[in-house]
Amino acid sequence: MSNNGKSEAVDRPVNFIRNIIDEDLAQQKHKQVHTRFPPEPNGYLHIGHAKSICLNFGTAADYNGKCNLRFDDTNPAKEDMEYVDSIKNDVNWLGFQWADEICYSSNYFDQFYAYATELIEKGLAYVCFLNAEESREYRGSLKEPGKDSPYRDTSVEENLALFTKMKNGEFKEGECVLRAKIDMASSFMCMRDPTLYRVRFEHHHQTGDKWCIYPMYDFAHCTSDAIEGITHSLCTLEFQDNRRLYDWVLEHLNDFNKPDRPHQYEFSRLNLEYTVMSKRKLHQLVDDNLVEGWNDPRMPTISGMRRRGYTPASIRDFAERIGISKVDSMTEMTVLEAAVRDDLNKVAPRSMAVLDPIKLVIENYEGEPQALMAPIHPQNEEMGKREIFFGKELYIDRADFSEVAPNRKFMRLALDKEVRLRNAYVIKGERVEYDADGNVTTVYCTYDPDTHGKNPADGRKVKGVIHFVEASKAVPAEFRLYDRLFTVENPAKEDNFEAVINSESLSVKQGYIEPGLVDSKPEQAYQFEREGYFCRDNQSGEQQVYNRTVALRDTWSKK
RNA sequence: AGGGCUGUAGCCAAGCGGUAAGGCAUCUGGUUUUGAUCCAGUGUACCGCAGGUUCGAAUCCUGCCAGCCCUGCCA
């Protein structure tokens, strides 16, 4: 059957949803797979949505099916065009194309109205004048059954008239709702005569002022799926109970009570360590100015991660690595980081940048700086070479020098010790100058002119390699280093998650880049050798600002 | 006696009656002008616990335990 945990259709990990699809296809329940990604446009997309996007679009693509992008826009009070635009943008950026036109639940408002009418005519829905509080009391509790609304037995004719009045704006907000007549004693709370329609005098971003009644999620979602011919409606675990209502609605509508109607399947949402995933909390971080905005590189939003330097391929790979299941889980950051590193390692041109510079003088070098050629990618010659410079004055990183090597493992520059300047020559530390505070200002070295592109002729072994930038050609740049946004694994569990924000989640450095980098494009990834993967900030215009996407894997600093 | 789900190595996650895939993390070697990459190797997983069925159970049955979700005119 399944070979090494891979799906038959494509070389991709199997999951329970693919198993269901394989079965449905085998039994010819559906001819083609049709999924949908149904965000509500009330916030920006985050990495958790990316998991769902990859699942829905990815699965459809693997089975040669289709996937719709559908805005679940049934609550105009919370929604906005700003979000629909950003969502479209993020989905495209991730590399997915929706089938045909973009869909909106609001496209189907006329049909929803007709379906609601059908339910009323069948005696399966009624207009209820209980207010919100009364309605809650009548609902009962988890352990106690509810009791029937006094409006439950209103005649079909009267309900029809009442519902028309609701639509015509003859009732105030909150005065009445349309409810399904199901079972006030059901153990599923969502089946205790759930609300189907409520009155809202709101302007809708798609339908304007045409409607003053808006359908509830449970009524709109299943019917939208059915209208669009969705076969597999994938959502997260908290909708498991709602599936009973999903099925009830479709089974009681003539158009949809067929074997090939949509079915809902639930998978677990993504939880990532050291961050939050709820829209409410992300909204709060933005509103309370704890981050720069939705696209702050520390945010788990698609736009934030994009600005940080994550690539679409790396996010898709991450989604594949974490898999799909029904287990409540918490994924470690290392999985995400490994996914970006794997992608960037392959595609990122190499460069050198000094983030915390100290001056280094080559005492035995005279004359103008010289140009040297360096590989753009040491493991991929096809990427070509770049020009770098070497000269009398250079910058190296403060952390790469120590007057006295702290231990035998120290592989960087120290006095009377040799080290390789990456892509250039072997140098030896000779002496050092300090400022009044005891900080190193300049390190004086000599270089071995016969070591470019080769080891010392006399067989001396030089183990250490450090990076540098030639001073006269160096271009000043700002580097922004990011760390986890929170100090605890699961900030959502805190009483006040804002209290556990990592105050050191951003540190800014002023240093230098190779001159060849001045025209770098925003979001283009580079590996600054020995420092990590960086990209030009997409919000800083002409300024040389680089965001660190992720540091290089570090297997020695903790020892 | 509310109901719905879930429990496989530190973290994800395959497996669906024939004797435990894979990834991340960890650790150990090797290569290396990035302490990166790459390569090779590295895990007694009492398969939540306890019974039962079976020649044989992570897979079937029973009971128990733990965690998550459900009482919006939110989605």
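Basis for what follows: all heavy atoms, side chains included, without hydrogens, waters or symmetry-related copies. In this text the structure is predicted, and so the values were computed from the model without any measurement. Quick note on labels: first sequence line is chain A, next is B, and so on, each numbered from 1.
By the rule that a glycosidic angle within 90° of 0 means syn, B:rG72 counts as syn.
When heavy atoms are screened at a 4.0 angstrom cut-off, A:N423 is found touching base atoms of the nucleic acid. Nucleic acid contact class of A:E173 (heavy atoms, under 4.0 Å, all strands): none. Using a 4.0 Å heavy-atom cutoff across all strands shown, A:N131 reaches at least one base atom of the nucleic acid. Here A:G453 lies in heavy-atom contact (under 4.0 Å) with a base. A:L130 comes within 4.0 angstrom of a nucleotide base, judged by non-hydrogen atoms across all strands.
Comparing B:rA45 with B:rA20, their P atoms are spaced 11 Å from each other, to the whole Å. Between the C1' atoms of B:rA40 and B:rC64, the separation comes to 46 Å (whole Å). Atom C1' of B:rU59 sits at a distance of 13 Å from the matching atom of B:rU54, rounded to the whole Å. The separation of B:rU42 from B:rC5, taken at their C1' atoms, amounts to 37 Å, rounded to a whole angstrom.
Distances from the side chain of A:T331 to the nucleotides B:rC12, B:rG23, B:rC16 place B:rC12 closest. Of the candidates B:rG35, B:rG3, B:rA75, B:rG35 carries the atom nearest the A:K409 side chain, counting heavy atoms from C-beta on. Comparing atom distances between the A:S329 side chain and each of B:rA36, B:rA13, B:rC73 picks out B:rA13 as nearest. Candidate nucleotides B:rG2, B:rC5, B:rU34 were compared by shortest atom distance to the side chain of A:R244, and B:rC5 ranks first. When distances run from any side-chain atom of A:M330 to the nucleotides B:rG3, B:rA36, B:rC12, the shortest one goes to B:rC12. The side chain of A:M216 lies closest to B:rG72 when the candidates are B:rG72, B:rA36, B:rG4. Minimum atom distance to the side chain of A:V177 is reached by B:rC73, of the listed B:rA25, B:rC73, B:rA13. For A:R198, the listed nucleotide lying nearest its side chain is B:rC73; candidates were B:rA13, B:rU34, B:rC73. Across B:rG23, B:rU34, B:rC12, the shortest atom-to-atom separation from the side chain of A:R321 is found for B:rG23. For A:F188, counting side-chain heavy atoms from C-beta on, the closest listed nucleotide (B:rG23, B:rG3, B:rA36) is B:rG3.
Take A:D183 and apply the salt bridge (Lys or Arg N to Asp or Glu O under 4.0 Å) test, not counting sequence neighbours, and it matches no residue. For A:P39, the side-chain contact (heavy atoms from CB on, under 4.5 Å) test picks out A:F37, A:L45, A:L69, A:F71, A:I87, with sequence neighbours left out. Among residues two or more places apart in sequence or in another chain, the salt bridge (Lys or Arg N to Asp or Glu O under 4.0 Å) test is passed with A:R530 by A:D400. Scored by the side-chain contact (heavy atoms from CB on, under 4.5 Å) test, A:P145 finds A:A185 as partners (sequence neighbours excluded). By the salt bridge (Lys or Arg N to Asp or Glu O under 4.0 Å) test, A:D148 is found to be paired with A:R152, residues two or more places apart in sequence or in another chain being considered. Remark: A:E382 pairs with no residue by the side chain to side chain donor-acceptor pair (under 3.5 Å) rule, at least two apart or across chains. Residues passing the side-chain contact (heavy atoms from CB on, under 4.5 Å) test with A:C235 are A:F239, A:Q264, A:E266, sequence neighbours excluded. For A:R548, there are no side chain to side chain donor-acceptor pair (under 3.5 Å) partners at least two apart in sequence or on another chain.
A straight line from CD of A:E529 to C1' of B:rU32 spans 12 Å, rounded to a whole angstrom. Between the CZ atom of A:R243 and the C1' atom of B:rC70 there is a distance of 13 Å, rounded to whole Å. Atom-to-atom, NZ of A:K51 to P of B:rC12 comes out at 11 Å; the value is rounded to the nearest Å. Atom pair A:K78:NZ and B:rG72:P shows a separation of 13 Å (rounding to whole Å applied).
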Please enumerate all protein N or O atoms sitting under 3.5 Å from an N or O of nucleotides 64-69 of chain B, with distances to 0.1 Å.
| residue | atom | partner | partner atom | Å |
| --- | --- | --- | --- | --- |
| B:rC68 | O2' | A:D328 | OD2 | 3.3 |

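Residue A:S325 places at least one side-chain N or O closer than 4.0 Å to OP1 or OP2 of B:rA13. Remark: A:R412 is not in phosphate contact with B:rG35, judged by side-chain N or O atoms under 4.0 Å from OP1 or OP2. Side-chain nitrogen and oxygen atoms of A:R553 include at least one within less than 4.0 Å of the OP1 or OP2 phosphate oxygen of B:rU26. Contact annotation: A:R192 side-chain N/O to B:rU71 OP1/OP2 distance is not under 4.0 Å. In terms of phosphate contacts, A:R200 brings a side-chain nitrogen or oxygen within less than 4.0 Å of OP1 or OP2 of B:rC74. Of the side-chain N and O atoms in A:R341, none sit less than 4.0 angstrom from OP1 or OP2 of B:rG23.
Side-chain contact, A:S233 with A:D225: a donor N or O sits under 3.5 Å from an acceptor N or O. Residues A:Y126 and A:D193 have side chains that bring a donor and an acceptor to within less than 3.5 angstrom of each other. At a cut-off of 3.5 Å, with distance as the only test, a side-chain donor of A:E228 or A:N68 sits close to an acceptor on the other residue.
In this structure, the ring of A:Y151 has its center less than 6.0 angstrom from the ring center of A:F129.
In terms of polar N and O atoms assigned as donor or acceptor, the side chain of A:E320 never comes within less than 3.5 Å of the base of B:rA13 in a complementary pairing.
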(message) In dot-bracket form, 5' to 3', how is RNA chain B paired? Count Watson-Crick and G-U wobble pairs only if both distances fall under 3.5 Å, and write | where the partner sits on another strand.
(response) .(((((((.[[[..)..(...]]]..((((.......))))......[[[[[..)....]]]]])))))).....

(message) A:N131 vs A:E133, test: side chain to side chain donor-acceptor pair (under 3.5 Å). Steps then yes/no.
(response) CA-CA 6 Å; A:N131 65 34; A:E133 192 183 332; 5.8 Å; no

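Comparing A:L421 and A:R136 by the nucleotide of RNA chain B that holds the closest heavy atom to each, the one mapping nearer the 5' end is A:L421. Where A:A424 and A:P39 each meet RNA chain B at their nearest nucleotide, the meeting point lying more 5' is that of A:A424.
An aromatic stacking contact links A:W556 with the base of B:rG35, defined here by ring centres under 5.5 Å apart and ring planes under 30° from parallel.
Of all the residues in residues 138-149 of chain A, A:R139, A:G140, A:S141, A:L142, A:K143 reach under 4.0 Å from RNA chain B with at least one non-hydrogen atom.
Applying the ring-ring contact (aromatic ring centres under 6.0 Å, His included) test to every pair with at least one member in residues 322-343 of chain A, sequence neighbours left out, gives no pairs at all.
In this structure a side-chain-to-backbone donor-acceptor pair under 3.5 Å is missing from A:R244 to A:F188.
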